[in-house]
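Here the structure is laid out as structure tokens; the discussion comes afterwards.
So that the names make sense, note that chain A is the first sequence line, chain B the second, and so on, each numbered from 1. Because the structure is predicted, anything quoted here is derived from the model rather than measured.
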Amino acid sequence: MSTSVGTAAKVSSARAAAPVRPRGGLRAWATRAPLLPALVFLVAVTQLPFVATLVISLFDWNSYDPDARRFTGLSNYATVVTDPALQESVLTTMLLTASVVIVSVVLGLGLALLLDRAFFGRGFVRTLLITPFLLVPVSAALLWKHVLYNPEYGLLNGAWAWVAGLFGDTDPAQPDWISGMPLVAVEAALVWQWTPFMMLILLAGLQSRPGEMVEAARLDGANSLQIFRYLTLPHLRRYLELGVLLGSIYIVQHFDAVFTITSGGLGTANLPYTIYQTFYKAHEYGLASAAGVVVVIGTMVLATFALRVVSSLFREEANRA
Amino acid sequence: MTLRQRPSRIPVRLGAVAAVAALLAGCAGAGGGGTSGDGEALNVLMVNNPQMVQLQKLTADHFTRSTGIEVHFTVLPENEVRDKISQDFSNQAGQYDIATISNYEVPFYAKNGWLHPLDPYVAKDKAFDQDDILEPLSESLTAADGKLYAEPFYGESSFLMYRKDVFAAKGLTMPPKPTWQQVADLAAKADGAEKGMKGICLRGLPGWGEVMAPLTTVVNTMGGTWFTKDWKAQLTSPEFTRATEFYVRLVREHGEAGAAQSGYAECLNNMTQGKSAMWYDATAGAGSLEAANSPVKGRIGYVPAPVDRTESSGWLYTWAFGMQKASKKADNAWKFISWASGKEYEKLVGKQVGWSDVPAGKRSSTYADPEYRQAAAAFADVTKQAIDAADPVNPGVQPRPAAGIQFVGIPEFTDLGTKVSQEISAAIAGRKSVPEALAASQKLAEKVAEEYR
């Protein structure tokens, strides 16, 4: 894949260079031609499916009623915007993404700061901390649903019963975690998976921090808090941005935890789950495609917006500092 | 998984391009040597249930060996199978000759003209013995035009499973034909019979095939219905409300913890682990409870689905083989269906794999076979009775606009049922009242009903 991206970049630079030598048309094409297959391949695998989705989103197309398929213009988009169930899932998606990203960035930053110190067995601890991120999302979700949350045999209630037993309470409360707080339950599972990702990025940032500057600050009499506030945090700005950006993009699209833990019930259906339901349960291909396009646009807006806000905040801070 | 490419048509197309025909046809011939027999081979699309995977393993050694017909299987999860079938069948692309469909799809697949009627084959194939197929199954696989469109591979109904040992220890008696009120009283008494044991396990997980299946059978027997004959949504009717209130209260008071996330798999787990004294669910559950490694093997009693106002209330579900109308190999396709749904195949599985793995629940003869009866002694008769008693056309107290016991046989039901199930699940979790959940559901159902009026 990296080779085709590379050739595509070359192709575009060749195109950019074209106006400079307008008369060498044939020559230029001769040099371009060998690169074309890679470009065509790239367009075919990345752009055509999206174009197809765009086209399908303009049709009223229910797979169980194939004869009634017809062009309806933008009416699927109107449905997406006005359908209360879809509106709710947009809200759920925003809430889910924002809380998971913020909490895992904060936790990840804490863990990265701890791991930045030298101690015995650091490599081992680091590997352990990264493990949740390496787990397949659906198995992580199953783990949380059955091993931890389950009110009958889950570890959370089991551990609580054991602790309560130590104090002589033989019949402790056994809360039903998922029914009690469905969205928080899904978020907790996601935070657990995504904290290591944030930690990795921030740890890379911390380890690229020049040691002399910290030393100089110490000589100038800065305490640890001041060093963190005025040196470490501004230095981590780009890494935090990257973490938030990538995290948001992935969690907006997240499906496994919602599907596995609650099956979209109890107000946890996010947009990807709703699209799944529209496609597989309602068989409304047009509507599902329209909702999919909306998610892509939403992700792009969110990513751009988040990047801008975060960048400008830090820039202000840096200026003030 | 064996995802097979469709037979290559490249040689045919290239035949037209005379200049390169010789060269390229040679290449294609060399490259596609393995697919040379594909003109005769059958393509079968199946759902990935254990029984189907078993069938896949046995086909080459038995069916292909005796008939010479090669069979290529595509095995996918349930949702993807539905999706793939509707794509291939709606275009009548003919990629798959045979597909597994359930009795839910048969009415509208047949109406869309996607399926090949099987009556002519059945009439000719005496060995297949259509009369041996349990009547409700044949009925549920027959479309509105009176033609038969699929042959069952296995069938199931629902019944009540309970712990005989726990009931005996507590001095409780299970009536041979319990009513829901009796079951609710028994659940209250059996609750806490052992440490951590609940009275009953009932599904609460959202999904049209999860919580909606048992709940709809309760609605049916308590006099409710989704739609009246003239397509009026009835989800807020007193009967539907009473049934839902009953179900939700029973599972909240004496049901399993975490009910809103419990489906078939979770309840099976609870029952096996001794966390529930009763379980109302699919007859297929008995096979797992009586499996050799089950800790509750031999301790379970089985009685018909609890009733209220009707004589019986068990549901009816079957995975069946349907033939695509556009298939050019219909005769061979029937040979495969006749073999896979036939009596001999059940015997083959019984001998080669084990009698507990037989795709049962579809033929009377299965329940007369001494070897099967021995393996399924605990539940064979009550399962057959449950399937025999199911009436897919008239499951409640009023005429219905579409066939189906635990579902409404219209394409919109997967979506409607799933959305309503999320409301019910919220009520089971205590986040909504039943009237609130049903009022929201009624609006969704009314929208679907409008399209049919």
Using a 6.0 Å cut-off, check whether atom [atom1] of [X] has over 12 heavy atoms from anything other than its own residue.
| X | atom1 | answer |
| --- | --- | --- |
| B/Trp231 | CH2 | yes |
| B/Arg453 | CZ | yes |
| A/Tyr280 | OH | yes |
| A/Glu88 | CD | no |

Legend entry - Residue among A/Pro182, A/Gly180, A/Gly267 with most heavy-atom pairs under 4.5 Å to chain B: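 The option with the most such pairs is A/Pro182.
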Legend entry - Pairs of heavy atoms under 4.5 Å with chain B: top-ranked of A/Gly265, A/Pro151, A/Ala85: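 Highest number of heavy-atom pairs under 4.5 Å: A/Pro151.
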Inset, instruction - Using modelled atom types only, decide if a donor and an acceptor are shared between the side chain of A/Ser179 and the backbone of B/Ala429 within a distance under 3.5 Å. - result: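 No.
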Considering non-hydrogen atoms only, spot the tightest contact between [X] and [Y] and give its length.
| X | Y | result |
| --- | --- | --- |
| A/Ser263 | B/Leu205 | OG-CD1, 3.5 Å |
| A/Met181 | B/Arg431 | N-NH1, 4.4 Å |
| A/Asp176 | B/Ala257 | OD2-C, 4.4 Å |
| A/Leu266 | B/Ser425 | CD2-O, 3.7 Å |

In terms of heavy-atom proximity below 4.5 Å to chain A, should [X] be classed as side chain, backbone, both, or neither?
| X | result |
| --- | --- |
| B/Lys432 | neither |
| B/Glu412 | neither |
| B/Tyr109 | side chain |
| B/Glu105 | side chain |

Measure the [atom1]-[atom2] distance between [X] and [Y] for me, rounded to the nearest 0.5 Å.
| X | Y | atom1 | atom2 | value |
| --- | --- | --- | --- | --- |
| B/Thr418 | A/Lys281 | OG1 | NZ | 5.0 Å |
| B/Ser262 | A/Asn150 | OG | CG | 7.0 Å |
| A/Thr262 | B/Gln261 | OG1 | CD | 7.5 Å |
| B/Gln422 | A/Thr268 | CD | OG1 | 7.5 Å |

Inset, instruction - Check the pair A/Lys145, B/Glu266 against salt bridge (charged side-chain N to carboxylate O under 4.0 Å, His left out), reporting the backbone distance first and the verdict last. - result: CA-CA 11 Å; A/Lys145 181 178 181 184; B/Glu266 286 78 6; 3.1 Å; yes
Legend entry - Residue A/Tyr285 versus chain B: region with a heavy atom under 4.5 Å: side chain
Inset, instruction - Would you please test B/Lys419 and A/Gln277 for side chain to side chain contact (heavy atoms under 4.5 Å, CB included) and show each step? - result: CA-CA 9 Å; B/Lys419 282 179 176 159; A/Gln277 197 171 310; 3.6 Å; yes
